[in-house]
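Let me begin by presenting the structure, written as structure tokens, before commenting on it.
As a basis for the values below, the full set of heavy atoms in this structure was taken, side chains included, without hydrogen atoms, waters or symmetry mates.
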Amino acid sequence: MASDAVSVPATQEDNGDPQANGTTQEVQSGDTETLSKRQRKKLLKQQQWEEQRDLRKQKRKERKQQRKLDRQTQVEDGTEYTSRKRLRREAEPSPLRLVIDCSFDNLMILKDVKKLHKQIQRCYAENRRAAHPVQFYITSHGGQLKQNMDEINKGWVNWKDVHIKPEHFHEVLNKEDLVYLTSDSPNVLQELDENKAYVIGGLVDHNHHKGITFERAKELGIAHAQLPLGSFVKMNSRKVLAVNHVFEIMLAYLEKQDWKEAFFTVLPQRKGAVPLGQEDMQEEGNDEDEEDSDRDSGTCEPVTEKSEDTKDHSNDPQKDASQLNQSDSCGVNVQHKEMTS
């Protein structure tokens, strides 16, 4: 009873003064109790970020002033000053058009939409610093993809040298100019026609919709083709590449005019790609590479996702082992069916 008598006046005193620290502390402690440890750390980090806003602004101002002084010093010393922007202006733009078809939005879950968003960001960045930047189109832009871009990267509205359209690609460009890049096509590209518009399917589906881009091209009555990957490269996994890999290979070919060099400039080492004729050298190191991959797989989230996808086949251990060996240890994106090779 004595403790109750003490606590009641204290509560009344706090409630009587809205400005009192006791009320604020009580509310804060109540909110803190409902938050998890991770949420509390995130909230604290956000508060620290807000508190340091002025300091970051001051540092940016100082860096800007320092760069200005450096430029003035170089001019006075007679040293030629070059910046990234000036280097980019020296690039020779290509009339070739590269299109990412985002009309498969309803076939993807949000997690895969976010992966596509990152791949598109990579394409944009690579095109901006390419020796021969292409005419970049993003079509059928809307739905989950646009919503995710609005929430995570609002700066996309200020992107330069890119045409972002809500319409379908065949409504924006002439059908006669279109070539849909799909690994299911029987046609193999030998060289690029800079008067054409090459379409890359923007679909991250973990191979759930096989042949969908090939069928789309046939339905629309447009040309289709695949990259000549099999003519130059031997891989220990399927010939399926991510959107940004296809995009970067096209940019590399425009610069080097050589498919083999373009492939090996872009293809990630984890794909185990080797030139045709050197397969024996690759096989000698396969056992050691697979052991390393198995040891590292526990730390790679994409492998965990792949393992979950194969749970339905748990009654067939050999089939599961085959699928896991074919999967990329730290890059599931290379297996997306919408990519072309």
Run through E50, Q48, K42 and flag the one making a side-chain hydrogen bond (donor to acceptor under 3.5 Å, both in side chains) with Q46. E50
Any side-chain donor paired with an acceptor under 3.5 Å for H132 and S94? no
Find out whether I100 and F136 are in side-chain contact, i.e. whether some heavy atom of one side chain is under 4.5 Å from a heavy atom of the other. yes
Should Y137 and L98 count as side-chain neighbours, where that means a heavy-atom distance under 4.5 Å? no
Do D54 and Q58 have side-chain N/O donor and acceptor atoms under 3.5 Å apart? no
Any side-chain heavy-atom pair of K64 and R67 under 4.5 Å: yes
Is the number of heavy atoms from other residues, nucleotides or ligands under 6.0 Å of R56 CZ greater than 12? yes
Scan side-chain atoms only and decide if E62 and Q66 contain a donor-acceptor pair under the 3.5 Å cut-off. no
With clusters defined by side-chain heavy atoms of hydrophobic residues (ILVMFWY) lying less than 4.5 Å apart, directly or transitively, does V157 cluster with V162? yes
Does any part of the side chain of L189, heavy atoms only, come nearer than 4.5 Å to the side chain of L181, both counted from C-beta? yes
K118, NZ atom: more than 12 neighbouring heavy atoms under 6.0 Å: no
Looking at every non-hydrogen atom in both residues, tell me the closest pair between A217 and Y180 and how far apart they are. CB-CB, 3.7 Å
Using the rule that two of Ile, Leu, Val, Met, Phe, Trp, Tyr join whenever any of their side-chain heavy atoms come within less than 4.5 Å, decide whether V199 and I249 are in one cluster. yes
Pairwise side-chain contact, F169 with C102, heavy-atom cut-off 4.5 Å (strictly under): no
Is there a path of hydrophobic side-chain contacts, each under 4.5 Å between heavy atoms of I, L, V, M, F, W or Y residues, that connects I138 with V179? yes
E261: salt bridge (charged side-chain N to carboxylate O under 4.0 Å, His left out) partners, not counting sequence neighbours: K256
Taking atom types as modelled, is there a side-chain donor on S103 or R216 under 3.5 Å from an acceptor on the other? yes
Going only through I, L, V, M, F, W and Y residues with side-chain contacts under 4.5 Å, is there a path from V243 to M149? yes
Below 6.0 angstrom between ring centroids: does that apply to W156 and H117? no
Quick one: side chain to side chain donor-acceptor pair (under 3.5 Å) pairs with a partner in residues 158-169, sequence neighbours left out? R128-D161, S140-H168
